[in-house]
Amino acid sequence: MIVVEGPIAAGKSAFAKDLAAELDMHYVEQPTLDDIYINPYGFDMRKLDPELPVNTRSFDVKNFCLTPNGRNVAQFQIRMFMLRYSAYVDALAHILSTGQGVVCNRSPYSDFVFLEAMFKHGYLSKGARSVYYDLKAHTITEIMKPHLVVYLDVPVAKVKENIKKRGIDYETKSAVFSDQYLTDIENVYKQRYLKEITQHAELLVYDWTNGGETEVVVEDIERIDFDRFDHYDPKMKDWRLANEWEWCEMRMRFTIEKCDLMNYFNVPRFDVPELTTNPDDAKKWHEKWFNAPGMKFRYGFNKDMGDTGLLTKTGGKAGFISD
């Protein structure tokens, strides 16, 4: 398992795809909220927003960029964590079911970097931050840490230049991507995430200001001896299982038991207003949502996401906590 990390607009997607191709590995893209809002029949549930109570309307990365002080920012970031977690579980299932390695664009382990930047700038509350870490504590210990993290280091000035260059309208118009916000992301990455992950995984860091050569990274990876750690070394510990049965149990955990992992996100917390919806609004949302094209006969439990209140392209329900 290789995870590619780095700041916004660092060139992670293109590099991760190239790296996967060079190493003959499976590539896993960073998930988006389209995985929630576009239902299995291709209908974009965001079209329902004008008919829904304000607090139950969709909120994705575009909404965050344009209205970072919106009520649903906390819900947005928690959902992103859940999506990254779900994609990572699928990546682990792929490895254990096929034997093929995986290259992931970001992972749930680094998701808190963005939460902390949001919190520092007042985009979400102390209570919402507490809920996030409750969820993380219940879920992150259930998965296997990566073998290697490749961090693409890009200075803030270059990040801003890259954002402007790629020309996504809501990004270039956003007040979110200030020098301080991008610096906070960089600082949390380097001062917390990279220090924490290197206790368990190998780390390669590259100056990616002007891009780089994938072949050079491949050569560096091939020089790493991933088998040099002994039984008591914390590095690679998750990947040192005692026998074949333990490997079988782990494979079952990430395949047929994925719904159980996703249900760990159901931590009951009713003390954070922006993460709750009153019963009247919830009822109105439910009536509209499950009468949308393709949804009328898909109410119920989602085997991939569990009963998490999310809708994905595989079906299931999307809901809100009612107070």
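The figures here come from the full heavy-atom set of this structure, side chains too, leaving out hydrogens, waters and symmetry mates. Along the sequence shown, residues carry numbers from 1.
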- Task: Output all residues satisfying side-chain contact (heavy atoms from CB on, under 4.5 Å) with D271, sequence neighbours left out; order by chain, then residue number.
- Result: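 side-chain contact (heavy atoms from CB on, under 4.5 Å) check on D271 returns R269.
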
- Query: Do any N or O atoms from the side chain of S110 and from the backbone of S107 form a donor-acceptor pair under 3.5 angstrom?
  - Reply: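 Indeed, once roles are kept as given, a pair shorter than 3.5 Å links the two residues.
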
- Message: Taking L83's backbone N and O only, do any of them form a donor-acceptor pair with D35's side chain (distance below 3.5 Å, no angle check)?
- Response: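 Not confirmed, D35 side chain does not pair with L83 backbone.
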
Short N-O contact, [X] and [Y], less than 4.0 angstrom:
| X | Y | value |
| --- | --- | --- |
| D153 | K190 | yes |
| E161 | K164 | no |
| R129 | E116 | yes |
| D169 | K173 | yes |
| D34 | R46 | yes |

If you draw a 6.0 Å radius around [atom1] in [X], do more than 12 non-hydrogen atoms from other residues or ligands fall strictly inside?
| X | atom1 | answer |
| --- | --- | --- |
| H121 | NE2 | yes |
| K288 | NZ | no |
| K62 | NZ | no |

Do we see a donor-acceptor contact under 3.5 Å between the side chains of [X] and [Y]?
| X | Y | answer |
| --- | --- | --- |
| N105 | S13 | yes |
| E202 | H147 | no |
| D260 | N263 | no |
| D238 | H200 | no |
| Y206 | D220 | yes |

- CA sep, side-chain torsions, deciding dist, call: D90, K258, salt bridge (Lys or Arg N to Asp or Glu O under 4.0 Å): CA-CA 8 Å; D90 290 343; K258 180 184 177 182; 2.9 Å; yes

- Message: According to ring-ring contact (aromatic ring centres under 6.0 Å, His included), who are the partners of F81, at least two apart in sequence or on a separate chain?
- Response: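 Scan of F81 (ring-ring contact (aromatic ring centres under 6.0 Å, His included), adjacent residues dropped) gives Y132, F265.
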
Pairwise distance [atom1]([X]) to [atom2]([Y]) - rounded to 0.5 angstrom:
| X | Y | atom1 | atom2 | result |
| --- | --- | --- | --- | --- |
| K120 | L115 | NZ | CG | 13.5 Å |
| L124 | F114 | CG | CZ | 13.5 Å |
| L96 | W239 | CG | CH2 | 5.5 Å |
| M1 | C104 | CE | SG | 4.5 Å |
| M45 | R57 | CE | CZ | 15.0 Å |
| E186 | Y181 | CD | OH | 14.0 Å |

- Should the ring pair F112 and Y133 be called parallel, tilted or perpendicular, given that the plane angle runs from 0 to 90° and is split at 30 and 60?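 Rings of F112 and Y133: tilted, 30 to 60°.
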
- Query: Between F177, F59, Y123, which is the residue that forms a ring pair (Phe, Tyr, Trp, His ring centres under 6.0 Å) with F64?
  - Reply: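 Among F177, F59, Y123, the one that satisfies the ring pair (Phe, Tyr, Trp, His ring centres under 6.0 Å) with F64 is Y123.
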
Run the side-chain donor-acceptor check on residues 207-217: report pairs under 3.5 Å with partners two or more places apart or on a different chain.
residue	atom	partner	partner atom	Å
D207	OD1	T209	N	3.0
D207	OD1	T209	OG1	2.5

- All pairs passing salt bridge (Lys or Arg N to Asp or Glu O under 4.0 Å) where residues 273-285 contributes a residue, at least two apart: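 Sorted result for residues 273-285: K283-E287.
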
- Of all pairs that satisfy salt bridge (Lys or Arg N to Asp or Glu O under 4.0 Å), the ones with a partner from residues 63-77, not counting sequence neighbours: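 Every pair satisfying salt bridge (Lys or Arg N to Asp or Glu O under 4.0 Å) with a residue in residues 63-77: there are none.
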
For residues 14-24, please give each side-chain donor-acceptor pair under 3.5 Å, one per line with the distance, not counting sequence neighbours.
none

